[in-house]
Asker: 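Let me begin by handing over the structure; questions about it come next.
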Amino acid sequence: MRTSLSMSALNLEEWRQAVRSPPMYRIGNTTMRMQFNFVGAIVIVGIAFLVVLYTFMPYSKDGFHMTNDFLKHDDHQHNSLHVIEEKNFKPSLYYNTTYPLTPPVRTDHGLRFRIAVVSDLDTASKAEQEPFTWISYLKKGFLTIDLAKKSVELKWDKEIITVKSKLSQEGRGMELSELVFFNGRLLTVDDRTGIIFELISNIAIPWVILTDGDGKSAKGFKCEWATVKDGHLYVGGLGKEWTSPQGELLNYNPQWVKVISPNGEVQHQDWREKYVSVRKQVGIDFPGYMIHESVVWSPIYRKWFFLPRRASTTRYDEKEDEKKGTNLMIEANEDFTTISVNTVGPLIPSHGFSSFKFVPETSDTVIIALKSEELEGNVSSYITVFTTDGEILQPETEIGKYKFEGIEFI
């Protein structure tokens with residue numbers, strides 16, 4: 001009996017010792033001691049948290065940007081943001097909302113913004129001295145605006161930047177028809193090849209190629225306008241039926257719109273009924289037409305704004321089209337069930353809108369717009385500033401003998 005108790009006590013003591021000491025393993029002459037204590041557990045948990053944070057937190061050049069509930073418009077930031085409506089936006093992990101990239105500067109004459117315009121030289125885009133090269137001109141400047149005094153100042157840089165590309169379709173290329181900031185990048189669109197380029201200095205870097213109509217075409221999409229809505233880039237064409245120079249109907253390809261995600265995925269949307277609804281509001285039916293080169297979505301009003309380039313109640317005629325310019329401003333709600341029409345400034349038949357943007361920090365109440373003129377072989381571009389109520393702050397002012405078709409705050 002005594003012997004049995006001693007053995008039991010010995011076994012109990014050995015068991016306690018085994019519990020207190022971590023297991024040991026011998027491999028050759030090496031002994032490995034595996035010990036998982038409290039400090040080790042904390043280290044492992046910390047590393048795991050950092051890995052998860054790095055993997056799922058969206059990042060941009062300017063730092064981290066939260067998505068979903070955190071991607072809201074903030075009026076207290078130094079510059080405006082591309083507003084993202086949560087109900088429509090599927091957030092990308094790397095979406096950069098900063099707009100414009102250069103913060104405005106407050107001066108004695110008002111807020112000063114950095115702006116740029118880009119040219120569509122049509123057949124003159126082909127470089128004369130460099131083979132297989134097509135060019136466009138990028139002109140930068142400053143817009144200073146004081147809403148209290150209703151004053152506007154425009155000052156342009158002396159240097160005009162030449163942007164080049166080797167890409168073309170049927171011997172034409174770099175006919176750039178819009179400028180737009182999207183996901184922290186300055187983009188431009190070629191209405192000949194359908195290429196969306198990113199502009200970095202004077203280099204045009206291809207990003208996405210858009211094809212005509214529903215996307216099942218070998219022809220490049222004739223891009224004419226671009227805007228940001230719900231974290232996606234919308235790129236549209238002329239908005240009218242494609243016709244012969246004599247107005248004969250050929251197809252409806254220019255009435256499609258492309259929707260591009262921050263990652264470059266493209267959706268093709270048929271906007272034919274929407275375009276028809278817009279022109280009907282002005283009393284135009286086919287074979288009459290309306291040409292759109294400047295369409296912008298306002299996240300503040302939640303409306304589409306159209307400043308048409310041309311409008312005609314009669315059949316398209318290539319020569320007569322030069323004098324079908326408009327001074328119209330059309331607003332449409334998101335589903336195009338409510339559409340209103342206003343006029344802006346005097347009507348100059350040879351002048352038509354080619355691009356516009358809302359001036360940041362004005363709650364989308366002030367617009368800066370380009371107008372183009374192509375009359376009997378002569379080309380000119382004009383710039384104007386006005387409110388959404390139609391009040392002119394800066395009358396049309398010529399800015400050059402090139403056809404500038406895109407404007408953006410940079």
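No experiment lies behind these values; they were computed from the predicted model shown.
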Asker: Using side-chain heavy atoms (C-beta onward) and a distance below 4.5 Å, is M329 in contact with I367?
Answerer: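 Side chain of M329 against side chain of I367, heavy atoms only: contact under 4.5 Å found.
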Asker: Do side-chain atoms of D230 reach the backbone of H232 as a donor and acceptor pair under 3.5 angstrom?
Answerer: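 No: the side chain of D230 does not pair with the backbone of H232.
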Asker: Do D212 and N253 have side-chain N/O donor and acceptor atoms under 3.5 Å apart?
Answerer: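 Yes, a side-chain donor-acceptor pair sits under 3.5 Å.
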Asker: Is S201 reaching over with its side chain to a backbone N or O of I203, donor-acceptor style, under 3.5 angstrom?
Answerer: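 Pair absent, no side-chain N/O of S201 close to backbone of I203.
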Asker: Apply side chain to side chain contact (heavy atoms under 4.5 Å, CB included) to the pair K323 and L375, showing each step before the final yes or no.
Answerer: CA-CA 8 Å; K323 298 179 181 178; L375 184 62; 3.9 Å; yes
Asker: At their closest point, which heavy atom of K303 faces which heavy atom of N333, and how far apart are they?
Answerer: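 Residues K303 and N333, closest heavy atoms: CG-CA, 4.3 Å.
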Asker: Check side-chain hydrogen bond (donor to acceptor under 3.5 Å, both in side chains) between R112 and all other residues, then give those that pass, not counting sequence neighbours.
Answerer: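 With sequence neighbours excluded, R112 shows a side-chain hydrogen bond (donor to acceptor under 3.5 Å, both in side chains) to no residue whatsoever.
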Asker: Tell me, which pairs form a salt bridge (charged side-chain N to carboxylate O under 4.0 Å, His left out) where one or both residues lie in residues 363-392, sequence neighbours left out?
Answerer: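 Only K150-E391, R309-E374, K371-E396, E374-K403 qualify under salt bridge (charged side-chain N to carboxylate O under 4.0 Å, His left out).
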Asker: Enter the distance from E175:CD to I195:CD1 here, rounded to the nearest 0.5 Å.
Answerer: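 The CD1 atom of I195 is 12.0 Å from CD of E175, to the nearest 0.5 Å.
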Asker: So which of V228, V296, I407 actually passes side-chain contact (heavy atoms from CB on, under 4.5 Å) with V180?
Answerer: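 Passing option: V228.
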Asker: Please round to the nearest 0.5 Å and tell me the distance separating atom OG of S168 and atom CD of E170.
Answerer: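 So the OG of S168 and the CD of E170 are separated by 9.5 Å.
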Asker: Using the side-chain contact (heavy atoms from CB on, under 4.5 Å) criterion, which residues pair with V163? Sequence neighbours excluded.
Answerer: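 Result, side-chain contact (heavy atoms from CB on, under 4.5 Å) vs V163: L138, I161, M174, L199, A204.
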Asker: Which heavy-atom pair separates R302 from P299 by the least distance, and what is that distance?
Answerer: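 Closest heavy-atom pair between R302 and P299: CG-O, 3.6 Å.
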Asker: Under 3.5 Å, side chain of S217 to main-chain N/O of G213, donor-acceptor pair present?
Answerer: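 No; judged by distance alone, with no hydrogens or angles, the pair does not exist.
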Asker: Tell me whether D157 contacts the main-chain N or O of E159 through its side chain, where contact means a donor paired with an acceptor under 3.5 Å.
Answerer: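 Between the backbone of E159 and the side chain of D157 there is no qualifying donor-acceptor contact (under 3.5 Å).
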Asker: Within a strict 4.5 Å, meaning less than it, do heavy atoms of the F142 and E153 side chains meet?
Answerer: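 No - every pair of side-chain heavy atoms lies 4.5 Å or more apart.
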Asker: Please determine if K139 forms a cation-pi arrangement with W156, meaning its NZ or CZ atom is less than 6.0 Å from the six-membered ring centre and no more than 45° off the ring axis.
Answerer: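 Yes.
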Asker: Does the S381 side chain pair with the main chain of Y402, one donor and one acceptor, at a distance under 3.5 Å?
Answerer: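 Yes, because the side chain of S381 sits within donor-acceptor range (under 3.5 Å) of the backbone of Y402.
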Asker: Can you name the nearest heavy-atom pair linking G173 to S125, along with the distance?
Answerer: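 Residues G173 and S125, closest heavy atoms: O-CB, 3.3 Å.
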Asker: Taking NZ, NE, NH1 and NH2 as the nitrogens, is one of them in E224 or K222 under 4.0 Å from a carboxylate oxygen of the other?
Answerer: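 Looking at E224 and K222, the cut-off is met.
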Asker: Does a side chain donor of either T314 or S312 reach within less than 3.5 Å of an acceptor in the other side chain?
Answerer: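 The answer is yes; a qualifying pair exists.
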Asker: Within the distance-only criterion (no hydrogens, no angle test), does the side chain of K166 pair as donor or acceptor with the backbone N or O of P131 below 3.5 angstrom?
Answerer: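 Yes, the answer is positive, given that a donor and an acceptor are paired below the 3.5 Å cut-off.
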Asker: Under 6.0 Å from the six-membered ring centre of Y316 and within 45° of its axis: does the NZ or CZ of K240 meet both?
Answerer: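 Pair K240/Y316 counts as cation-pi.
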Asker: Could you tell me if the side chain of V117 sits less than 4.5 Å from the side chain of L370, heavy atoms only?
Answerer: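 Yes, at least one pair of side-chain atoms sits under 4.5 Å.
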Asker: Which pair of heavy atoms, one from N183 and one from P262, lies closest together, and at what distance?
Answerer: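 Heavy-atom minimum between the residues: ND2-CB, 3.8 Å.
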Asker: Just by modelled atom types, is the T365 backbone N or O under 3.5 Å from a matching donor or acceptor in the T387 side chain?
Answerer: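 Flag not set: sc T387 to bb T365 has no pair under 3.5 Å.
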Asker: Quick check: do I348 and N327 have side-chain heavy atoms less than 4.5 Å from each other?
Answerer: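 No, every pair of side-chain atoms sits at 4.5 Å or beyond.
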Asker: Are any non-hydrogen side-chain atoms of N251 and P254 less than 4.5 angstrom apart?
Answerer: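 A side-chain contact under 4.5 Å exists here.
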Asker: Has F132 got more than 12 heavy atoms of other residues, nucleotides or ligands less than 6.0 Å from its CZ?
Answerer: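 Count not over threshold, so no.
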Asker: Could you tell me if Y289 and D321 have a donor-acceptor pair between their side chains, going purely by distance under 3.5 Å?
Answerer: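 Side chains of D321 and Y289: pair found under 3.5 Å.
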Asker: Starting at CZ of F404, measure out to OG of S177 and round the result to the nearest 0.5 Å.
Answerer: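 One finds 14.0 Å between CZ of F404 and OG of S177.
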Asker: Counting distance only, does the side-chain N/O of K155 pair as donor-acceptor with the main-chain N or O of T144 below 3.5 Å?
Answerer: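 Such a contact is absent between K155 side chain and T144 backbone.
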Asker: As a quick check of understanding, evaluate salt bridge (Lys or Arg N to Asp or Glu O under 4.0 Å) for K319 and E322, giving each step before the final call.
Answerer: CA-CA 6 Å; K319 186 63 178 177; E322 293 182 347; 3.8 Å; yes
Asker: Between CD1 of I383 and CD1 of I115, what distance do you get to the nearest 0.5 Å?
Answerer: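 Spacing of CD1 (I383) from CD1 (I115) equals 5.0 Å.
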Asker: Closer than 4.0 angstrom, basic N to acidic O: yes or no for D190 and R172?
Answerer: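 No, this pair does not count.
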Asker: Mind checking ring pair (Phe, Tyr, Trp, His ring centres under 6.0 Å) for F386 and listing every partner two or more places apart, or none if nothing turns up?
Answerer: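 In terms of ring pair (Phe, Tyr, Trp, His ring centres under 6.0 Å), with neighbours along the sequence ignored, F386 is linked to no residue.
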Asker: Short question: side chain of T123, backbone of L121 - any donor-acceptor pair under 3.5 Å?
Answerer: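 Judged by distance alone, no pair lies under 3.5 Å.
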Asker: Answer yes or no: is there a side-chain heavy-atom contact under 4.5 Å between E265 and I260?
Answerer: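 With C-beta onward as the side chain, the pair stays apart.
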Asker: Is there a donor in the side chain of Q169 and an acceptor in the side chain of T193, or the other way round, less than 3.5 Å apart?
Answerer: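 Side-chain D/A pair, Q169 to T193: absent.
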Asker: Can you name the ring pair (Phe, Tyr, Trp, His ring centres under 6.0 Å) partners of F358, sequence neighbours left out?
Answerer: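 For F358 the ring pair (Phe, Tyr, Trp, His ring centres under 6.0 Å) partners, ignoring immediate neighbours, are F305, F356.
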Asker: With no hydrogens and no angle check, do the side chains of S261 and N263 hold a donor and an acceptor under 3.5 Å apart?
Answerer: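 No.
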Asker: Check whether more than 12 heavy atoms from other residues, nucleotides or ligands sit under 6.0 Å from atom CG of L167, and answer yes or no.
Answerer: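 Buried by this count: over 12 neighbours within 6.0 Å.
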Asker: Any ring-ring contact (aromatic ring centres under 6.0 Å, His included) pairs touching residues 243-279, not counting sequence neighbours?
Answerer: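 Checked against ring-ring contact (aromatic ring centres under 6.0 Å, His included) - neighbours excluded - the pairs reaching residues 243-279 are W225-W271, W271-Y275, W271-W304, W271-F336, Y275-H292.
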Asker: Between I410, L187, T98, which is the residue that forms a side-chain contact (heavy atoms from CB on, under 4.5 Å) with F181?
Answerer: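 Result for side-chain contact (heavy atoms from CB on, under 4.5 Å) with F181: I410.
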Asker: Rounded at 0.5 Å granularity, tell me how far CZ in F113 sits from CZ in F409.
Answerer: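 F113 CZ to F409 CZ: 6.0 Å, rounded to 0.5 Å.
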Asker: Roughly how far, to the nearest 0.5 Å, is CD1 of I339 from CD1 of I330?
Answerer: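 So the CD1 of I330 and the CD1 of I339 are separated by 8.0 Å.
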Asker: Taking the side chain as every heavy atom from C-beta outward, state whether V235 and V257 have any pair of such atoms under 4.5 Å apart.
Answerer: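 No, too far: nothing below the 4.5 Å cut-off.
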Asker: Hey, is K164 close enough to E130 for a salt bridge, meaning N to O under 4.0 Å?
Answerer: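 The answer is yes: the pair qualifies as a salt bridge.
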Asker: Measure the shortest side-chain to side-chain distance between L249 and W242 over non-hydrogen atoms and say whether it is less than 4.5 angstrom.
Answerer: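 L249 vs W242: side chains apart.
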Asker: For P308, does its backbone N or O pair with a side-chain atom of T326 as donor and acceptor, under 3.5 Å?
Answerer: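 At least one qualifying donor-acceptor pair exists.
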Asker: Looking just at side-chain N and O atoms, do S136 and S119 make a donor-acceptor pair shorter than 3.5 Å?
Answerer: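 Judged by distance alone, the side chains do pair up.
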Asker: Could you pull out the closest heavy-atom pair between I196 and V189, with the gap in Å?
Answerer: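 For I196 versus V189, the nearest heavy atoms are CG1-CG1, 3.9 Å.
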Asker: Indicate yes or no: does K140 engage E408 in a salt bridge with an N to O separation below 4.0 Å.
Answerer: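 No salt bridge links K140 with E408.
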Asker: Mind listing the closest non-hydrogen atom pair of P395 and T384 along with its distance?
Answerer: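 In terms of heavy atoms, the two residues are closest at C-OG1, 4.0 Å.
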Asker: Decide side chain to side chain contact (heavy atoms under 4.5 Å, CB included) for E320 and R315; before the verdict, give the C-alpha distance in whole Å, the side-chain angles of both, and the deciding distance to 0.1 Å.
Answerer: CA-CA 10 Å; E320 291 298 319; R315 177 189 291 264; over 6 Å; no
Asker: Could you check K216 against T211 for side-chain hydrogen bond (donor to acceptor under 3.5 Å, both in side chains), going step by step and ending with a plain yes or no?
Answerer: CA-CA 7 Å; K216 298 179 177 66; T211 51; over 6 Å; no
